[in-house]
Amino acid sequence: MKKAAPSWKHSVRLLLSCAFLAACLTQTLWAKSDGPGSSIFAEPYAGIVAGNLNPHQNPLYEQFGAVLGYSSPHFVANANAMVVNDGLYSQQEAIPGGYRIQLNNGDVALKLKPFEIKGGLFTHTDEVKSPYSLFFNPNGFPTTGLNLDFAEGIFFYKSEWLQLNNLSANGYGPRGMNYKVYGVKLGRLRVGFQDVVLYLDRSFSTDFFLNPIPMYLTQLVSVQPLNNPNPWEQISNDNTLMGFFGDYTAPKWYGYAQVLIDDLSLTFFTPWIHKYVHPWKIAWSLGGTYNFPFGTLGFYQAGATKYTFEPTYQTSTQPNEYPYQYTFYPADQHTLTGGTVLPIPYDNNYIGYQYGENNLAFMATYKKTIQKYRVGGDVEYTISGSKSPNNPWGNLTGPPATFWAMFDHSPLQQRILLAGYAQRPFGGLTVSFGATLGYVWHELQLTAASDGGPAIFEPSSTNRFLYQFDLGVSYKLSMNTSKPKK
């Protein structure tokens, strides 16, 4: 049973509380700031959303929160927290109106060029500017991490750690991952190699974070073989993903291409010989934008073969022997306090490409500033087959005897969305409105797997109209806190 909608009194109280908290913290930071070029800001915000894009969320919900920040030439701190009553997750405290607390961001960064170190809770970002980035999902869950960036001359390098699961109350074993980028910048052109390792039984690996050698090689040398390990080898279960990207930034346009290979093996290079190891697990993305006099147009296309991002091993007693799937949580569903079982949205749970395996996606975008109005929108068409982020090989008990698998069952989910937004600033106050309309055929739904393993998202007989309307307001307070020179 859904809880009653909050009254307007609850909404007003929460909004005033957020504004009061932001004002107090702003004053505290201002009193302690003394660096040259330092500034702080506080931005309380509130919003109301009505829609059914996610059929499991409340059809009408509200959110209230605040963003706080401090910035100086060498130190940056950001925080973003809110309360929301969308009904997707359980309340931590008995807040009237069914609100739960959500931490969106909380990180600090130390900038000492050519180095930058960032740590805390944040949403991790990819190297390419795209809604279809492959290594990090722009809609993914925030997670605790540590990021080391270096850029000087033509060379740039990044080593990033993510804590995925640690001391889980749901029984998830410890999991962590590391991400590296090695790249060169030649004028406006950037080319880079992206490297990922996801490991079990621990949430942090010193070797992978500090060692600049590509992690595929580190894994091969440091992991214990079947017999007679070398003195330096360790017992671990790891999975590697890797890929490449290139992008070009010109005054009027931006373009990129990106590819990801999951669970690299000889299968990828010699599929005609090793086709019974497992099919290709590959994803790709390309697109860009162009600034026309009437606005900025963009186009993006991406896709992934079936089984990409999935785990690989299963036995008769363990349907997912080694849960190194490329997801934030090794689960497809969770249970609310009242006992209701809900799916974890896969487009949030995937660490990488938001639509995951067995998918093709196309998007066209538009944006422009007209006088003081910022307007934009997009149209998106996606095709999806079954997705099994936590069950190796879906309903099968082992890999199929082919090197290419994609859209091999019918029906397929097809979805089209048309979205638009408008924003209008009034000094520090910003009012925004968004609307999304669409339709989905054979909507993916979480169903029991025939092999007895974790559930699978499969096309269903459900066809339905989609809509969402959202109205938001925010107010940004900022000030320069540098003390005047004597």
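Keep in mind that this is a model prediction, so the values were computed, not measured. Along the sequence shown, residues carry numbers from 1.
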Pair listing, salt bridge (Lys or Arg N to Asp or Glu O under 4.0 Å) test, anchored in residues 413-426, at least two apart
Glu380-Arg415
So, Asp86 and Arg100, do they make that salt bridge, N to O below 4.0 Å?
yes
Is the Lys NZ or Arg CZ of Arg190 less than 6.0 Å from the centre of Phe245's six-membered ring, within 45° of the axis?
no
What residues form a side-chain contact (heavy atoms from CB on, under 4.5 Å) with Leu360, not counting sequence neighbours?
Trp284, Gln301, Phe362, Met406, Phe407
What's the spacing between Leu164 CG and Phe204 CZ if we round to 0.5 Å?
13.0 Å
Which residues pass the ring-ring contact (aromatic ring centres under 6.0 Å, His included) test with Tyr381, sequence neighbours left out?
none
Locate the shortest heavy-atom distance separating Leu121 from Thr144; write the atom from each residue and the value.
CD1-N, 3.7 Å
Could you go through Gln258 and Asp126, starting from their C-alpha distance and side-chain angles, then the distance that decides it, and tell me whether this counts as side-chain hydrogen bond (donor to acceptor under 3.5 Å, both in side chains)?
CA-CA 11 Å; Gln258 187 180 35; Asp126 211 316; 3.1 Å; yes
Using side-chain contact (heavy atoms from CB on, under 4.5 Å), reason through Ser388 and Trp393 one step at a time and then give a plain yes or no.
CA-CA 7 Å; Ser388 177; Trp393 312 116; over 6 Å; no
Under 3.5 Å donor-acceptor, Asn349 side chain and Phe141 backbone:
no
Any sub-3.5 Å donor-acceptor pair from Arg374's side-chain atoms to Tyr421's backbone N or O?
no
So which of Gln414, Gln413, Arg464 actually passes side chain to side chain donor-acceptor pair (under 3.5 Å) with Glu443?
Arg464
How close do Ser386 and Glu458 get, heavy atom to heavy atom, and via which atoms?
CB-CG, 3.9 Å
Shortest non-hydrogen contact between Asn78 and Gly69, atoms and distance:
OD1-CA, 4.1 Å
For Tyr366, what residues pass the ring-ring contact (aromatic ring centres under 6.0 Å, His included) criterion, not counting sequence neighbours?
none
Holding to side-chain contact (heavy atoms from CB on, under 4.5 Å), I want the full list of residues that pass it with Ala331, two or more places apart in sequence or in another chain.
Tyr172, Ile344
Residues that Asn463 engages under side-chain hydrogen bond (donor to acceptor under 3.5 Å, both in side chains), provided they are two or more places apart:
none
Can you check whether Phe135's main-chain N or O pairs, donor with acceptor, with Ser133's side chain at less than 3.5 Å?
no
Are there over 12 heavy-atom neighbours, none belonging to Leu167, within less than 6.0 Å of that residue's CG?
no
Atom CG of Leu134 and atom CD of Glu127: how far apart are they, to the nearest 0.5 Å?
12.0 Å
Would you name the heavy atoms of Arg188 and Ala250 that are closest together and state the gap between them?
CD-CA, 3.7 Å
Could you name each residue pair satisfying salt bridge (Lys or Arg N to Asp or Glu O under 4.0 Å) that touches residues 334-355, not counting sequence neighbours?
none
Checking side chain to side chain contact (heavy atoms under 4.5 Å, CB included) against Tyr326, which of Asn239, Asn137, Leu198 comes through?
Leu198
Quick check: does any side chain N or O of Asp195 sit under 3.5 Å from a backbone N or O of Tyr179, one acting as donor and the other as acceptor?
no
Treating Asn395 as the side-chain partner and Ser450 as the backbone partner, does any N or O pair qualify as donor plus acceptor under 3.5 Å?
yes
Is the closest basic N to carboxylate O distance between Glu160 and Lys118 below 4.0 Å?
no
Would you say the side chains of Tyr199 and Asn178 form a donor-acceptor pair under 3.5 Å?
yes
Spatial distance of atom CG (Leu241) from atom CG (Leu260) [nearest 0.5 Å]:
5.5 Å
Would you check if the side chain of Ser285 reaches a backbone N or O of Ala302 as a donor-acceptor pair within less than 3.5 Å?
no
Please indicate whether Lys368 has more than 12 foreign heavy atoms, meaning atoms of other residues, nucleotides or ligands, lying under 6.0 Å from its NZ.
yes
Carefully, step by step, assess Asn390 and Thr327 under the rule side-chain contact (heavy atoms from CB on, under 4.5 Å).
CA-CA 8 Å; Asn390 296 292; Thr327 60; 3.9 Å; yes
Backbone N/O of Glu310 and side chain of Lys281: donor-acceptor pair under 3.5 Å:
yes
Intermediate values then yes/no, side-chain hydrogen bond (donor to acceptor under 3.5 Å, both in side chains), Asn54 and Asn52
CA-CA 5 Å; Asn54 185 332; Asn52 70 346; over 6 Å; no
Taking Asn58 for the side chain and Leu60 for the main chain, is one N or O donor matched with an acceptor at less than 3.5 Å?
no
Starting at CG of Leu148, measure out to CH2 of Trp161 and round the result to the nearest 0.5 Å.
14.0 Å
Ring pair (Phe, Tyr, Trp, His ring centres under 6.0 Å) partners of residues 331-351, not counting sequence neighbours, each pair once
Tyr89-His334, Phe309-Tyr350, Tyr346-Phe457
Would you compute the distance between atom CD1 of Ile261 and atom OG1 of Thr240 and round it to the nearest 0.5 angstrom?
10.0 Å
For His442, give me all partners under side-chain hydrogen bond (donor to acceptor under 3.5 Å, both in side chains), at least two apart in sequence or on another chain.
none
Any chance the side chains of Ser159 and Lys180 put a donor and an acceptor closer than 3.5 Å?
yes
Measure across Glu357 and Pro389 and return the closest heavy-atom pair with its distance rounded to 0.1 Å.
OE2-N, 4.0 Å
Do you know which two heavy atoms are closest between Pro279 and Pro400, and how far apart they sit?
CG-CG, 3.7 Å
Test of ring centre spacing under 6.0 Å for Phe299 and Tyr290:
no
Backbone N/O of Ile282 and side chain of Thr308: donor-acceptor pair under 3.5 Å:
yes
Partners meeting side-chain contact (heavy atoms from CB on, under 4.5 Å) with Gln63 (sequence neighbours left out)
Tyr61, Met82, Val84
Just grab all the side chain to side chain donor-acceptor pair (under 3.5 Å) pairs involving residues 466-479, residues at least two apart or on different chains.
Glu43-Ser474
Residues two or more places apart in sequence or in another chain: which of them pass side-chain contact (heavy atoms from CB on, under 4.5 Å) with Thr125?
none
Donor on one side chain, acceptor on other, Asn480 and Ser39, under 3.5 Å
no
If you measure only the distance, is there a donor-acceptor pair under 3.5 Å linking the side chains of Asn80 and Tyr45?
yes
Going by the angle between their ring planes, with limits at 30° and 60°, are Phe75 and Tyr70 parallel, tilted or perpendicular?
tilted
Once rounded to the nearest 0.5 Å, what's the spacing between atom NZ of Lys306 and atom CH2 of Trp404?
13.5 Å
For the side chain of Ser168 and the backbone of Asn165, is there at least one donor-acceptor N/O pair under 3.5 Å apart?
no
Decide whether Thr337 and Ser90 meet the rule of one side-chain donor and one side-chain acceptor closer than 3.5 Å.
yes
